[in-house]
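Below you'll find the structure, written out as structure tokens, and then a few comments.
Hydrogens, waters and symmetry mates are skipped; everything else that's a heavy atom, side chains included, is used. In what follows, chains are A, B, ... by sequence order, proteins preceding strands, each numbered from 1. Keep in mind the model is a prediction, meaning the values are calculated, not measured.
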Protein chains: 2
Amino acid sequence: MKQSKRAGIKDVAELAGVSNMTVSRVLNGTVKVSEEKRKAVLTAVEKLDYKPDLAARRLGGNKSYMLGLLYQDLDISYVSKFLLNALKSSRDQGFHLIPNEIDGDIEKSLSSVVDLIEITRIDGLILLPPVSDNQQIIDVLKKHQTPFVRITPDSHFDLSPYICIDDYMVGYKMTEHLINLGHKKVAHIMGNTKQGTSHLRCQGFVDALHTNHLSAPEEFIVEGTYTFDSGVEAAKKLLNLANRPSAIFASNDEMAAAVILVANNLGIAIPEQLSVAGVDDAQLAVTLSPNLTTIKQPIAQMAELAVKLLAKGADNLKMKERISTAIS
Amino acid sequence: MKQSKRAGIKDVAELAGVSNMTVSRVLNGTVKVSEEKRKAVLTAVEKLDYKPDLAARRLGGNKSYMLGLLYQDLDISYVSKFLLNALKSSRDQGFHLIPNEIDGDIEKSLSSVVDLIEITRIDGLILLPPVSDNQQIIDVLKKHQTPFVRITPDSHFDLSPYICIDDYMVGYKMTEHLINLGHKKVAHIMGNTKQGTSHLRCQGFVDALHTNHLSAPEEFIVEGTYTFDSGVEAAKKLLNLANRPSAIFASNDEMAAAVILVANNLGIAIPEQLSVAGVDDAQLAVTLSPNLTTIKQPIAQMAELAVKLLAKGADNLKMKERISTAIS
DNA sequence: CTGAAAGCGCTTACAG
DNA sequence: CTGAAAGCGCTTACAG
């Protein structure tokens, strides 16, 4: 209470009867320290309420305990929710998160990112879509060899570690959800077949049916391209079938919305005669229609995982992390 | 391009033919340096693309170039907008902003604030409402002698510097706005007379009338308490007047909404027979009714001012800063 | 106006 | 497993 100054590492070392290094090692948990000394250090730390200075740690070592978050528009609910959760996770991990906007002024944006790397020496960056696919940003990060994790990138998946939802499980769970609703005749509108995502979701769909001793006739799986128009085409095919499905699971919400439109035009009542399900993509975080079942992105989990990956250090970065999803 | 390592202050000093100190002084602009050397330094800085390391600056000196922002709920549009603007201003001022949530877990929240002060050694904090009136937080900041600026606090204005809108101008401008609309008979519903804010807005009202060679009869100024109910009472008094006003300026939106309700009940058409104006308080940032003219808080300006005040250092902190407003 | 010295509080090698 | 030394890259006094 009467301490004129905050306790430093040497105060702790003195009280514990060890050297600075032992204190440092106990706190960082990198190297083995004898139980005896470890306890003495911990006790001293507790007693003095010692907290290692962030700047000194950065300057002496090589970790800054700071992470950056690159976003484009904070006003988007997806972004602010991610930020909120990322801030919480960062705090839990003992890191600070510095949000940084990437806007139209790309020169300025790039220079602010470089400053984050060179001046602040952040330990890593999280890129939110659409920054996840900003080649200029990625190039700069690569050049500076800064660890970064991209959230749901659209392409170039091999460029860096990234986090996306588990698309197989998306397909599986949504299909299972429809089956649990009592549906036996479930159809699927695939997304663009050039994207792995589409196939994963479709596989989940097929497997969920199989697990539940059901199967879909060939004509129940229609290819789309994730656009509303392609959804309209696909829906027409499915709903004009002699033996039409009682539920349609579209690979994204745009196509699901198209299904609803077509059904309405055909006088098919939703949800009485047809259940429609979609998947919420990327920044979208709203349900397009009250009659549409959709899968929302588990933003909190993605944020937490992103922070943890970077907090653990660049070495632990795998190329891909998948997150399970919840149906709403 | 081929530099194996980033340029340090000594590299700049060497290139410029001066000492480290001269470089430091030129960059911080604190002390006079001869024009000749200053130019040499600047040239060298430019050539080497020198950027002083943040941690070293913090450790060597006493500024961290980091600010904290305390908020309670990022989902509130007022908060995310403030954050966004504060982030931009911080960047412009060469500071980093670390957002930190204050939630129900007050122990944890307080400790995170203490960490911000003791570990990160931020240079100052911005408190957003309702944190601006959180006594526990304020006590901690006072104890640690950390500079902080409160945004639109509700009370205890002498506890710290704070930023609020210029209430006199709010009253003045809104009244002027109504006069410009052609109104001659403008009434005012004051807010709680125990708060200075109410009197300032009322004075602005009176002065605006006066400047425009108008005046309000005594019964045109009614006291309210900022509540909806008090607005109803006040509106009844005003609208039942034999010579009733053609425009009513209420000191906040709650009371203005009440006026609209009462007018509707009385069969008075808005805006044909009556114009209603209010003031957007604190976190509110939406217009309550399409027929209501309201003054919005200049969030961007407040954020910028808050950052600038803290960036300039504790010495420059005045107790009160006022911001002008815009009518929408 | 300018500089040489010391120090900020940690961590990285280097020894043992 | 543990410690003494040196250094991270700046800035603060202290001199002149």
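- Screening residues 99-143 of chain B for ring pair (Phe, Tyr, Trp, His ring centres under 6.0 Å) gives no qualifying pairs among residues at least two apart or on separate chains.
- For a distance-only test at 3.5 Å, the side chain of R58(B) fails to qualify as a donor-acceptor partner of the base of dG9(C).
- Between T22(B) and D53(A), it is T22(B) whose nearest contact on DNA chain C lies nearer the 5' terminus.
- Figure legend. dA4(C) is base-paired to no nucleotide; pairs are counted as Watson-Crick or G-U wobble with both atom distances under 3.5 Å.
- Applying the 4.0 Å criterion to OP1 and OP2 of dC10(D), one finds that Y50(B) has a side-chain N or O inside that range.
- Between L69(A) and L125(A), the shortest heavy-atom contact is N-CD2, 4.3 Å.
- Each of S34(A) and P52(B) lies near DNA chain D, and the nucleotide nearest S34(A) is the one positioned closer to the 5' end.
- Using modelled atom types, one finds a donor on one side chain and an acceptor on the other under 3.5 Å when comparing R150(B) with S160(B).
- At least one side-chain heavy atom of I151(B) sits less than 4.5 Å from a side-chain heavy atom of I126(B).
- Projected onto DNA chain C by closest heavy-atom contact, S19(B) and L59(B) fall at different nucleotides, the more 5' of which corresponds to S19(B).
- dA13(C) is unpaired under the criterion used here, namely a Watson-Crick or G-U wobble arrangement in which both key atom distances are under 3.5 Å.
- If you measure from atom CZ of R25(B) to atom P of dA4(C), you get 11 Å, rounded to the nearest angstrom.
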